[in-house]
Amino acid sequence: MERLKIAIQKSGRLTEDSQNLFNECSIEIQDGKRQLLAPSPNFPIDLLYLRDDDIPQYIEDAVADVGILGENVWLESQTQLRIVKRLGFSKCRLCLAIPRGEKYEGIDYFRGKRIATTYPNIVKKFLLDRGIEAEIHEISGSVEIAPNIGLADAICDIVSTGSTLMSNGLKEVETVMRSEALMVANPNLSPEKEAILQKLLFRIEAVEAAKRNKYILLNVPNTEIEAICNILPGMKSPTVLPLAKEGWSSLHSVVNEEKFWELIDNLKAHGAEGILVVPIEKMIL
Ligand code: PRT
Ligand code: ZN
């Protein structure tokens with residue numbers, strides 16, 4: 001039987017969240033400390049632990065089938081991998097930054113400037129689209145020190161809190177792109193591998209749906225059941241069970257976490273009592 005090879009980052013900002021994704025789907029995985037290729041004992045996938053920058057090429061060469069990586073690395077790689085899922089973690093942005101004391105009046109600032117970056121393809125395209133020619137210097141690490149050592153006039157780097165820029169006397173002046181972790185795949189998977197991928201996505205989506213929702217239980221006067229059922233957008237319709245206490249029922253339903261707080265006041269106004277809100281582990285719609 002075929003197995004799906006999934007490349008994830010060996011050790012870095014994406015690693016823990018990538019591994020959690022499998023754990024939450026009840027897929028047992030082994031970590032990549034001792035081995036490059038780690039088969040799951042209970043799901044037909046093998047994890048391949050790599051440096052994030054190597055993931056696009058491995059998938060393009062069909063050594064791996066699927067990968068989890070930052071959108072920035074995916075875009076920079078200029079490979080034809082399809083995005084199968086936006087994963088929502090490792091959010092950051094790629095920014096152009098210049099020394100704090102410089103006056104900035106717009107993108108024209110970068111005309112003819114030397115820009116240090118790890119993302120030359122993305123930066124070149126960003127500037128070219130805006131009619132700006134600049135000198136792009138590709139460097140692999142510690143981009144933020146380039147202006148201070150006279151290697152560049154500006155940088156283009158990943159920013160999350162902004163404290164790295166701040167402590168290097170730089171300020172952010174343009175957002176080149178926003179990024180989050182993506183699951184990408186080779187566009188030509190065999191039907192067997194595609195089926196495994198769909199099974200995995202089904203599980204991931206069930207976990208995501210569960211996270212967005214809460215199971216809610218509340219006691220309500222029978223006279224208010226109808227009004228309360230109209231407030232609660234249950235999966236189909238809420239479950240209503242009679243309570244031992246005359247004239248009262250217990251109502252069970254699923255509510256969206258974001259809407260939850262607005263609903264609570266409304267439910268109380270209709271006489272609801274003993275409201276319990278419980279997390280849901282998996283949710284299949
Ligand atoms: O060894 P390997 O090549 O696998 O790892 P790496 O060092 O290239 O990547 P890693 O683990 O640092 O980041 C992996 C991915 O996480 C990146 O490709 C981004 O998609 C995402 N990500 C999210 C970040 C950050 N946040 C981040 N803050 N990647 C890097 N940074 C760095 C940034 O380069 C800068 O040095 O953190 C610094 C800025 O952070 P703030 O908080 O000071 O603004
Ligand atoms: Zn890297």
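In listed order, ligands and their atoms are each counted from 1.
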Any protein heavy atom < 4.0 Å from atom 5 (O) of ligand 1 | yes
Atom 26 (N) of ligand 1: the protein heavy-atom neighbour that sits closest, reported with distance to 0.1 Å = C92 CB, 3.6 Å
E281, CD: over 12 other non-hydrogen atoms inside 6.0 angstrom = no
Of all protein heavy atoms, the one nearest atom 1 (O) of ligand 1 is R51 NE, 3.5 Å
Criterion side-chain contact (heavy atoms from CB on, under 4.5 Å) on I264 and I275, from CA distance to verdict = CA-CA 9 Å; I264 292 303; I275 302 174; 4.0 Å; yes
Report the part of D157 (side chain from C-beta onward, or backbone N, CA, C, O) that has a heavy atom under 4.0 Å from ligand 1; answer both or neither where that applies.
-> side chain
Does K91 reach ligand 1 with a nitrogen or oxygen that is under 3.5 Å from one of the ligand's nitrogen or oxygen atoms?
-> no
Does anything in residues 241-264 pair up under ring-ring contact (aromatic ring centres under 6.0 Å, His included), and if so which pairs, sequence neighbours excluded?
-> Y215-H252
Run the numbers on E257 and K214 for salt bridge (charged side-chain N to carboxylate O under 4.0 Å, His left out), then give the verdict.
-> CA-CA 6 Å; E257 166 123 72; K214 297 276 180 254; 3.4 Å; yes
Shortest non-hydrogen pair, N168 vs T164, comes out as ND2-O, 2.8 Å
So how far is it from E144 CD to I139 CD1, rounded to the nearest 0.5 Å?
-> 8.5 Å
Name the closest protein heavy atom to atom 11 (O) of ligand 1, giving the residue it belongs to and the distance to 0.1 Å.
-> R13 N, 2.8 Å
Using a strict 4.0 Å cut-off to heavy atoms of V159, name the atoms of ligand 1 that fall inside it.
-> 44 (O)
So which heavy atom in the protein is nearest atom 10 (P) of ligand 1, and how far is it from that ligand atom?
-> Q9 NE2, 3.8 Å
Per-atom filter on ligand 1: closer than 4.0 angstrom to a heavy atom of D53 are 3 (O), 8 (O)
Step by step, work out the side-chain contact (heavy atoms from CB on, under 4.5 Å) result for I29 and F43.
-> CA-CA 9 Å; I29 55 162; F43 198 80; over 6 Å; no
Any donor-acceptor N or O pair under 3.5 Å, side chains D61, Q57 | yes
shortest atom 40 (O) of ligand 1-to-protein heavy-atom contact is with T164 OG1, 3.6 Å
May I ask which of V73, D52, L165, D54 has a heavy atom nearer to atom 2 (P) of ligand 1 than the others do?
-> D52
Atom indices of ligand 1, in the order listed, that fall short of 4.0 Å to a heavy atom of G12 = 11 (O)
Under a 4.0 Å heavy-atom limit, does I158 contact ligand 1 with its side chain, its backbone, both, or neither?
-> both
Listing by chain and number, what protein N/O/S atoms are under 2.8 Å from the Zn ion (ligand 2)?
-> D52 OD1, D53 OD1
Say whether S90, considering both its backbone and side-chain N or O atoms, lies within less than 3.5 Å of an N or O atom on ligand 1.
-> no
Give the minimum heavy-atom separation between V143 and D157, together with the two atoms involved.
-> CB-OD2, 3.9 Å
Of L4, I27, L200, I196, the residue whose pairing with P44 passes side-chain contact (heavy atoms from CB on, under 4.5 Å) = I196
Atoms in ligand 1 flagged as close to G70, the criterion being non-hydrogen separation under 4.0 Å | 20 (O)
Got an N/O contact under 3.5 Å between S160 and ligand 1?
-> yes
In terms of heavy-atom contacts, does CD of E194 have more than 12 from other residues, nucleotides or ligands at under 6.0 Å?
-> yes
How far apart are the closest heavy atoms of S26 and N42, and which atoms are they?
-> O-ND2, 3.1 Å
Look at atom CD of E133 and say whether more than 12 heavy atoms of other residues, nucleotides or ligands are closer to it than 6.0 Å.
-> no
What residue among R203, K282, K211 forms side chain to side chain donor-acceptor pair (under 3.5 Å) with E24?
-> K211
Write out the residue and atom name of the closest protein heavy atom to atom 18 (O) of ligand 1, then the distance separating them to 0.1 Å.
-> N72 ND2, 3.0 Å
Of all the non-hydrogen atoms in the protein, which one sits nearest to atom 41 (P) of ligand 1, and at what distance?
-> T161 OG1, 3.3 Å
